[in-house]
2 protein chains.
Amino acid sequence: MLTEKFLRDRTVSLEPAERATIEGAISEVLTLGARHIIVREGERLDRSLLLIDGLMCRYIDNRQGHRQLVAMQVPGDFVDLHGFPLTKLDHDVATLTGATVAVIPHVALDRIVAEQPQLCRKLWFSTLLDAAMHRAWLFRVGRLDAMGRVAHFLCETEARLRAVGLSNGHRFALGLTQIDLAEICGLTNIHVNRVLRQLREKRICIFRSSVVEILDADALARRGEFSSHYLYLTGGD
Amino acid sequence: MLTEKFLRDRTVSLEPAERATIEGAISEVLTLGARHIIVREGERLDRSLLLIDGLMCRYIDNRQGHRQLVAMQVPGDFVDLHGFPLTKLDHDVATLTGATVAVIPHVALDRIVAEQPQLCRKLWFSTLLDAAMHRAWLFRVGRLDAMGRVAHFLCETEARLRAVGLSNGHRFALGLTQIDLAEICGLTNIHVNRVLRQLREKRICIFRSSVVEILDADALARRGEFSSHYLYLTGGD
DNA sequence: CGAACGTTTGAGATGACTCAAGCGTTGTGG
DNA sequence: CCACAACGCTTGAGTCATCTCAAACGTTCG
């Protein structure tokens, strides 16, 4: 079941029939290499991607080429569903690791909007989940110091991966470099490196660029002022 | 016409009949005092607000009470439409200045979703416009220096107000304090004050806490690395 | 084996913050 | 209608978090 992770463990979830509808809307499944740009800003879009496996990201570059990630997408995310109502995006979309995606043509979504209002509303919900994460990211870069930002991001990522069965709460695979982490947190990679060393030395968290080990989840959440409410998880606070 | 500013001058716009539908969905019009919290995080919502006049904001506070604004809403914005699919919000909503809002019960929106798929998609679009602005704000706090952030915000605000007829491109009313500006840009109010002085001394822009005068729009846009594409304005770049 | 890339560490620079104080403006109640 | 309180603006001085520049090391892969 390709779409099993989509909206899994969220306060709004899909009925089996709705899941089947989305499954049926998939036109093809693609395998993408790591570090490829998939959608460029301004490009007219006629399809969107559901991430099945791997990590992707959305980002905005500044004039000197410095990059700010505005979202990281994990399996189960509808990566560029924003492109459906918007018709073109205001940012680039790229793979971080190798990835598998299901392609859903916008014509299939047109039909869902016209015929299945309840499902339409759930698709809408999923894009607003992205918006809620954008807001949490804004809080992170606007009001937390370097260690807080990294801690907050790691807490968020753990919670998101746990929701789709990819973390046990203490340990999860995460194919990000320290440079990626810097572009997520609005820091330099050099400073990220120093923050990670501190988190390691304090026995709070070990980040190894392919695996993250959380030794003291409470301390990490406290340091990042993290609460998962904005992820709209079932059973969440 | 209360809703005349909603989606005005955007790439997606409302048909007269659609505008009438929304107009008809308004249950009441409220006048709100300045600096009041209107919706609190986590509150269950059964209505949303269309801002007719004044300024509102959405924000997240950290543990020590430091505030990060995640959005500023201008007349014509559907302030908390996110609360419709989400049912509760992850942040607070408050007035900045005195404001007039049209109240739209969610039951009326339910009907629109069920019966008017094209209009539903436009409402969806308007929430994704908010998401696009969140992303621009992320870029701003993550990758611009203090003066760049202030310049970027002023450019964005000018463009948004111009779209609804509240700026002539050089001068517009803006009832924000330097403290508000700091909470928007992820800075301290003291530093915002210094940045504003520099912008004034360079003859780029004068911010007077009730009126903004842009003396050199090109320089301001350059300094803030601003492009309005993410606002999805008609005739925009 | 070498190239490319990511990680690690050090030293020094700097942009933004904190603390502190004074000033201006507005609104309100005596 | 004045006085005072509350609030926002302004400026200075000193501190500190993060950045920049530089160099070395480790790992992966062709």
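We use all heavy atoms of the structure for the numbers below, so side chains are in, but hydrogens, waters and symmetry mates are not. Chain letters run A, B, ... following the sequence lines, proteins first, then strands; residues in each count from 1.
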For [X] and [N], what is the distance between atoms [atom1] and [atom2] respectively, to the nearest whole Å?
{"X": "His191(A)", "N": "dC21(D)", "atom1": "NE2", "atom2": "C1'", "answer": "16 Å"}
{"X": "Ile206(B)", "N": "dC9(D)", "atom1": "CD1", "atom2": "P", "answer": "16 Å"}
{"X": "Asp145(B)", "N": "dT18(D)", "atom1": "CG", "atom2": "P", "answer": "16 Å"}
{"X": "Ile190(B)", "N": "dA13(D)", "atom1": "CD1", "atom2": "P", "answer": "15 Å"}
{"X": "Leu144(A)", "N": "dT18(D)", "atom1": "CG", "atom2": "P", "answer": "11 Å"}
{"X": "Arg149(A)", "N": "dC19(D)", "atom1": "CZ", "atom2": "C1'", "answer": "12 Å"}
{"X": "Leu181(A)", "N": "dT8(C)", "atom1": "CG", "atom2": "P", "answer": "12 Å"}
{"X": "Leu196(A)", "N": "dT18(D)", "atom1": "CG", "atom2": "P", "answer": "13 Å"}

Presence of Gln178(A) side-chain N/O under 4.0 Å of dC5(C) phosphate oxygens OP1/OP2: no
Any Arg194(B) side-chain N or O less than 4.0 Å from OP1/OP2 of dT11(D): no
By salt bridge (Lys or Arg N to Asp or Glu O under 4.0 Å) - contacts of Arg8(B) (at least two apart): none
Side chain of [X], heavy atoms from C-beta onward: which of [options] has the nearest atom to it?
{"X": "Thr188(B)", "options": "dC17(C), dT7(C), dC19(D)", "result": "dC17(C)"}
{"X": "Leu187(A)", "options": "dC17(C), dT8(C), dC19(D)", "result": "dC19(D)"}
{"X": "Asn193(A)", "options": "dT7(C), dT18(D), dG8(D)", "result": "dT7(C)"}
{"X": "Ala146(A)", "options": "dC19(C), dT18(D), dT7(C)", "result": "dT18(D)"}

Sugar-phosphate only, base, or nothing, as touched by Asn189(B) at under 4.0 Å among non-hydrogen atoms: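 Here Asn189(B) touches no strand at all.
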Sugar-phosphate, base or nothing in reach of Gly186(A), heavy atoms under 4.0 Å: sugar-phosphate
Name of the residue among Arg160(B), Lys5(B), Arg58(B) meeting salt bridge (charged side-chain N to carboxylate O under 4.0 Å, His left out) with Asp77(B):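 Of Arg160(B), Lys5(B), Arg58(B), salt bridge (charged side-chain N to carboxylate O under 4.0 Å, His left out) with Asp77(B) is met by Arg160(B) alone.
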Non-hydrogen atoms of Leu30(B) and Val103(B) that approach each other most closely: CD1-CG2, 3.7 Å
Identified side chain to side chain contact (heavy atoms under 4.5 Å, CB included) counterpart of Thr95(B) within the set Val101(B), Leu51(B), Ile38(B): Ile38(B)
Positive for side chain to side chain contact (heavy atoms under 4.5 Å, CB included) with His152(A), one of Glu225(A), Arg140(A), Arg223(A):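 When side chain to side chain contact (heavy atoms under 4.5 Å, CB included) is applied between His152(A) and each of Glu225(A), Arg140(A), Arg223(A), only Arg140(A) qualifies.
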